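Shown next, in structure tokens, is the structure this report addresses.
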Amino acid sequence: MLAIRLNGLVKREGLQIRPDTASVSTVQEYVAQAMEQADIPMKQATKVNIALDEMYSNIVHYSGAGWAEVICRADKSGVTLILRDNGVPFDPLQNAAPDINQSAEERRIGGLGVFMTRKMMDEMCYRYADGCNELTMTLKIS
């Protein structure tokens, strides 16, 4: 892992990792360090951490991926996370939002993590290219 600081901008080449439950804490630490080095306020860092946990957990538990890459770009204007994996194609942005007016018993299982992430992050985009999923999420700092 390589980190370079230029005028307050923390650039990282990314973290390549096998997506399993043991890797979750490594990914969380990598992103936390990038945000700390960029002096991201706690309120925004918490949102990024929740989004990371939700989306990386989907890769770990459902993608069937053999590898994943997490890139965190953080500076005074915000945080961008890029999650790549070689799992089955899955665009989380195409899922219908769950009906949050239904009780937990009535509501179908799944979709709340993506729903929460979409509400917290300012921008999200997905693409599938060269056999890889790529999800980009950005939270802007005002």
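Keep in mind it's a predicted model, so treat the numbers as computed, not measured. The basis for the numbers below is simple: all heavy atoms, side chains too, and nothing from hydrogens, waters or symmetry mates.
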### Query
Got a sec: does the OH of Tyr62 have more than 12 other heavy atoms crowding it under 6.0 Å?
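Not more than 12 within 6.0 Å, no.
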Starting at [atom1] of [X], measure out to [atom2] of [Y] and round the result to the nearest 0.5 Å.
X: Thr138; Y: Arg73; atom1: OG1; atom2: CZ; answer: 9.5 Å
X: Met116; Y: Asp53; atom1: CE; atom2: CG; answer: 8.5 Å
X: Ile17; Y: Tyr30; atom1: CD1; atom2: OH; answer: 11.0 Å
X: Glu36; Y: Glu29; atom1: CD; atom2: CD; answer: 11.5 Å
X: Met35; Y: Met42; atom1: CE; atom2: CE; answer: 9.0 Å

Is there side-chain contact between [X] and [Y], with heavy atoms separated by less than 4.5 Å?
X: Pro92; Y: Tyr126; result: yes
X: Ile59; Y: Met55; result: no
X: Met124; Y: Leu135; result: yes
X: Met137; Y: Leu83; result: yes
X: Arg84; Y: Ile71; result: yes

At their closest point, which heavy atom of [X] faces which heavy atom of [Y], and how far apart are they?
X: Gln28; Y: Leu52; value: CA-CD2, 4.1 Å
X: Ile141; Y: Lys76; value: CB-O, 3.5 Å
X: Gly78; Y: Ile40; value: O-CD1, 4.2 Å
X: Gln44; Y: Leu139; value: O-CD2, 3.4 Å
X: Ala51; Y: Thr117; value: CB-CG2, 3.6 Å
X: Asn133; Y: Gly87; value: ND2-O, 3.3 Å

### Query
Would you find a donor on one side and an acceptor on the other, under 3.5 Å apart, between the side chain of Asp130 and the backbone of Cys132?
no
### Query
Linking I/L/V/M/F/W/Y whenever any side-chain heavy atoms sit under 4.5 Å apart, do Leu93 and Tyr128 land together?
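Yes, it is one cluster - the side chains of Leu93 and Tyr128 are joined through contacts under 4.5 Å.
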Please table the atom pairs, donor to acceptor, closer than 3.5 Å between any side-chain atom in residues 19-27 and protein atoms at least two apart or in another chain.
unit_1 : atom_1 : unit_2 : atom_2 : d
Asp20  : OD1    : Ala22  : N      : 3.3
Asp20  : OD1    : Ser23  : N      : 3.0
Ser23  : OG     : Arg18  : O      : 3.2
Ser23  : OG     : Asp20  : N      : 3.2
Ser23  : OG     : Asp20  : O      : 2.7
Ser23  : OG     : Tyr56  : OH     : 2.6

